[in-house]
2 protein chains.
Amino acid sequence: MNSKMESPRGPRPSELRRVPGIDYGDLESHFGYALRRAQIASFEAFYRASAGAGITPPRFTALVILHANPGITQTTLGNVLGTARSGAMLLTDWLEERGLAERRSRADDGRVWGLFLTVKGEALLARLRRRVRENDAAFARRLAPRERSSLIRLLNKLAG
Amino acid sequence: MNSKMESPRGPRPSELRRVPGIDYGDLESHFGYALRRAQIASFEAFYRASAGAGITPPRFTALVILHANPGITQTTLGNVLGTARSGAMLLTDWLEERGLAERRSRADDGRVWGLFLTVKGEALLARLRRRVRENDAAFARRLAPRERSSLIRLLNKLAG
DNA sequence: TATTGTTATACTCTATAACTATA
DNA sequence: TATAGTTATAGAGTATAACAATA
């Protein structure tokens with residue numbers, strides 16, 4: 001791991017742990033609140049796994065998508081990530097500056113770039129994938145095996 | 001509802017819907033990704049319910065907490081919301097400027113404010129609570145009744 | 001005309017650090 | 001000394017709008 005950490009400032013996952021003596025009202029019965037709490041907990045787990053590489057969840061998603069869909073355009077990447085074109089551009093810049101991805105011009109359409117992971121990008125993804133998976137598994141260990149598959153299924157059903 | 005909408009710009013929940021023809025790799029099997037997708041979907045539902053009032057999920061949480069814990073301090077509110085003191089301050093300012101909450105000095109400790117909802121704040125909370133609950137229920141209708149209680153239980157177990 | 005990538009700009013959220021008043 | 005609130009500042013993320021090149 002590199003000892004030079006990126007972005008020591010800026011938004012990191014907050015704690016959102018229970019504060020003793022506080023009455024949370026009916027918050028616990030809301031799906032929105034329960035999802036928010038669980039997602040923040042999972043963010044924490046992710047950051048522990050990817051600390052030092054500067055890889056956030058959206059960036060990790062971009063690496064996975066580029067690996068599985070070589071030659072994808074920036075606009076499509078933005079659609080997958082749910083961001084505007086300009087955001088996909090900044091993300092692509094970030095990856096390219098670090099030599100993780102590259103833009104290649106495409107003969108069939110002069111307007112678009114095809115995006116590809118570099119060898120370095122593929123290597124980082126392979127390393128991260130292992131650690132993220134381990135961390136995801138460790139995080140999920142709070143549940144019984146049957147509960148885990150049940151939760152994934154329910155979440156995907158809920159997300160539509 | 002007021003026709004004057006707040007913050008027409010700025011971050012709103014993005015879509016993050018499946019893009020046809022894209023290979024998502026093993027993203028679906030990650031808890032982090034499934035949680036993120038489900039949470040964004042629930043954000044969308046929340047924003048539909050609270051559109052126009054400028055109430056975000058953290059602000060709604062603050063209203064609920066202030067209602068259930070009258071006289072709470074800003075620092076404690078920040079702990080509940082998982083934000084720094086300065087963030088709790090800005091949130092309190094926002095609520096106070098709109099006449100939803102007020103700061104009262106406390107005789108026992110000159111350093112702190114006691115925070116309270118105003119009559120207007122209580123009224124807004126009552127209205128929002130109904131609509132948020134309805135929307136939460138509509139959102140959850142994608143699941144069978146037994147699945148809903150199961151999901152809430154699993155999420156809370158996961159969040160710790 | 002419509003779309004892609006780009007650039008410029010603005011806004012929200014939230015963190016850190018230093019300051020003041022009080023404990 | 002420690003803590004609450006405050007203020008100032010900075011940074012990340014992301015949106016909108018306008019522009020040039022290409023379809």
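Basis for what follows: all heavy atoms, side chains included, without hydrogens, waters or symmetry-related copies. First the proteins, then the strands, lettered A, B, ... as listed; each starts at 1.
At whole-Å resolution of the value, CG in L91(A) and C1' in dA12(D) are 13 Å apart. As rounded to whole Å, 19 Å separates atom P of dT3(D) from atom CG of L77(B). For N79(B) and dT14(C), the CG to C1' distance is 15 Å, given to the nearest whole Å. When the P atom of dA15(C) is taken as reference, atom CZ of F43(A) falls 14 Å away, rounded to whole Å. Atom CG of L95(B) is separated from atom C1' of dG5(D) by 16 Å (rounded to the nearest Å). For the pair D93(B) CG and dT12(C) C1', the interatomic distance rounds to 15 Å; values are reported in whole Å. Atom-to-atom, CD1 of I72(A) to P of dT4(C) comes out at 12 Å; the value is rounded to the nearest Å. Atom C1' of nucleotide dT16(C) and atom CE of M89(B) are separated by 16 Å, given to the nearest angstrom.
Listed nucleotides dG5(D), dT6(C), dG5(C) differ in distance to T73(A); the shortest reach to its side chain belongs to dG5(C). With dT4(C), dT6(C), dG5(D) as the candidates, the nucleotide lying closest to the side chain of T75(B) is dG5(D).
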### Message
Walk along nucleotides 18-23 of chain C from 5' to 3' and tag each nucleotide B, S or - by protein heavy-atom contact under 4.0 Å, base first, then sugar-phosphate.
### Response
B---BS
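Cation-pi geometry between R104(A) and W113(A) is not met: the NZ or CZ atom fails to fall both under 6.0 Å from the ring centre and inside 45° of the normal. Cation-pi check for R148(A) over F31(B) is not met; the charged atom does not lie both under 6.0 angstrom from the ring centroid and within 45 degrees of its normal.
For dT6(C), the base has no donor-acceptor partner in the side chain of S86(A) [N/O atoms by modelled type, under 3.5 angstrom].
In this structure, Y33(B) has its ring center no closer than 6.0 Å to that of F60(A).
Contact check, W94(A) against dG13(D): no side-chain N or O comes under 4.0 Å of OP1 or OP2. Contact annotation: R59(B) side-chain N/O to dT12(C) OP1/OP2 distance is not under 4.0 Å.
A salt bridge links D93(B) with R103(B): at least one charged nitrogen is closer than 4.0 Å to a carboxylate oxygen. Salt bridge annotation for R142(B)-E147(B): absent, with no cationic side-chain nitrogen under 4.0 angstrom from a carboxylate oxygen.
Sorted by first and then second residue, the pairs that involve residues 22-39 of chain B and meet salt bridge (Lys or Arg N to Asp or Glu O under 4.0 Å), not counting sequence neighbours, are R129(A)-D26(B), R133(A)-D26(B), R18(B)-E28(B).
Each of L81(B), N79(B), T75(B) was scored for a side chain to side chain contact (heavy atoms under 4.5 Å, CB included) with L77(B), with one residue passing: L81(B).
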